[in-house]
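Indexing begins at 1, ligand by ligand and atom by atom, following the structure's order.
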Amino acid sequence: MTTEQIPVAPRASNIEYAIRDVVVPATKLEDQGHTILKLNIGDPIAYPGLPTPQHMVDAYAAALHDGHNGYSPSYGLPSLRAAIAKDEQRKGWPAQPEDVYVCHGVTEALQILFASVLCEGDKVLAPGPHYPPYMAYPQMYGASTVEYMLKPNDGWRLDLDDIREKMDDSVRLLVLINPNNPCGSVANADEIAGVLDIARNYPNCIVVADEIYDGLDFTGEHVSVAKCSADVPVVSLNGVSKVYYAPGWRIGYMAIHDPSKRMLLVRDGIERMLRSRLCASTPAQLGYLAGLESDRSWMEGYAAKVVEQRDVCVNRIRSIDGLEVQSSGGAFYMFVKLTDEKWALDDKQFVLDLLHEEHVLVVHGSGFSPELGRGHFRIVYLPEVDVLNEAFDRIERFLIRHR
Ligand SMILES: Cc1ncc(COP(=O)(O)O)c(C=O)c1O
């Protein structure tokens, strides 16, 4: 009997997802009986005090009980597509239900979009640092991701000069993550206008606007990219995961704003891809629909709690020798700079040693960009204040011990 291993496809063996990769050693420690303070995962349900709103849970449960357990149309339930279009109209552009395609989360929308646009040798221009799938998935289609810089010393603002320099005709998708994961920065209308001005010169380029954190904007400056575009094609991405606090439901969407009608072929490709994977979960779509159609004033209370926790983190970080941070204007992330040389040169070792010695879990910055994220780590500021304070006590102790 041969024990020779059956080969794995490189497209799978090359995939890395830093956020979950660091969970592996943490789980080992938990199996040994240790309690880990987790500041690593962008899942609001993993932390106390931010549950999925009851009326949405009830709608999901009612959908199950009422027998909505079959396949839905491939592009999404008509009622949900209409509600999403209305919500996008509220954000300032004339979305129609036919422009909306419901997916198993933004993650699936990205896979379908990449599959429908990218060919061998094409490029995706994405912010550095960025949410890891923007680097991992394009490779599967023979394309590559090039990063444009977010300015580390200027609130992680978009470096428009860098975008301009890196644009060429092979860039098919220009990505904006707004608010940004992992930096928590919010690009304003001027920055967005700058991006659109650049994209306008490249007729085969589509702007991808990942706005999954748009309801967690603490600057008051967030604006939909689609709203700002009178000509450049924009694909807006959003869903139930972050702002509606139900990431496990796996519902998101892409909404296509194509004022100059240049995306007809791509849309045909997207629709074929969507039909070939059947549909997103039907009862979960009905749960999301309830969220969109009901009063949303509950979001204010949730956001207030998140802001309070953000402020605790900023104050603590600024008081710790060896750490620096630009405050976060949105989402629930902060990208913290390590100023001690030893850790600045090896942020992954910092994360692993901190985990093993102090049982605090954060994510290494280089997992969000080998070059532009180096010397940083990301925290999620969703844990309760006492947990955050305890985590910072331990981080401070750790930094002092290793100096
Ligand atoms: C920028 C960004 N886009 C998309 C996602 C995933 O979205 P979904 O849960 O809808 O797949 C995340 C999750 O952390 C994210 O940070």
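- Within the listing of ligand 1, atoms 8 (P), 9 (O), 11 (O) sit less than 4.0 angstrom from a heavy atom of Arg250.
- Within ligand 1, the atoms closer than 4.0 Å to a non-hydrogen atom of Ile212 are 2 (C), 3 (N), 7 (O), 10 (O), numbered from 1 in the order shown.
- Without hydrogens or angle criteria, Thr282 side chain to His68 main chain gives no donor-acceptor distance under 3.5 Å.
- Here the protein heavy atom with the shortest distance to atom 15 (C) of ligand 1 is Tyr213 OH, 3.4 Å.
- Aromatic ring centres of Phe368 and Tyr131 lie farther apart than the 6.0 Å criterion allows.
- Phe377 and Phe350 have their aromatic ring centers within a separation under 6.0 angstrom.
- Ligand-side atoms of ligand 1 in range of Ser241: 8 (P), 9 (O), 10 (O), range being under 4.0 angstrom from any heavy atom.
- Using a cutoff of 4.0 Å between basic side-chain nitrogens and carboxylate oxygens, Arg296 and Asp87 are scored as salt-bridged.
- Looking only at heavy atoms of the protein, atom 6 (C) of ligand 1 is closest to Tyr131 OH, 3.4 Å.
- Counting protein heavy atoms only, atom 1 (C) of ligand 1 is closest to Asp210 OD2, 3.3 Å.
- Of the protein's heavy atoms, Thr107 OG1, 2.5 Å lies nearest to atom 11 (O) of ligand 1.
- Trp156 has its ring centre less than 6.0 Å from the ring centre of His376.
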Item to complete: Take Phe332 and Tyr381, measure what ring-ring contact (aromatic ring centres under 6.0 Å, His included) needs, and give me the verdict at the end.
Response: CA-CA 6 Å; Phe332 31 64; Tyr381 48 85; 7.3 Å; no
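- The protein heavy atom nearest to atom 10 (O) of ligand 1 is Val106 N, 2.7 Å.
- When each of Lys227, Lys242, Lys91 is paired with Asp214, the salt bridge (Lys or Arg N to Asp or Glu O under 4.0 Å) condition holds for Lys91 and for no other.
- Close approach to Ile177 involves these atoms of ligand 1, each under 4.0 Å from a residue heavy atom: 1 (C).
- At a 4.0 Å cut-off, not a single heavy atom of Gly252 sits close enough to ligand 1 to count as contact.
- When each atom of ligand 1 is checked for a heavy atom of Lys242 under 4.0 Å away, the hits are 12 (C), 13 (C), 14 (O).
- Residues Arg374 and Asp346 are not paired through a salt bridge, judged by the lack of any N-O separation under 4.0 Å between the basic side chain and the carboxylate.
- In summary, the atoms of ligand 1 found under 4.0 Å from a heavy atom of Asn181, numbered by their order in the structure, are 14 (O), 15 (C), 16 (O).
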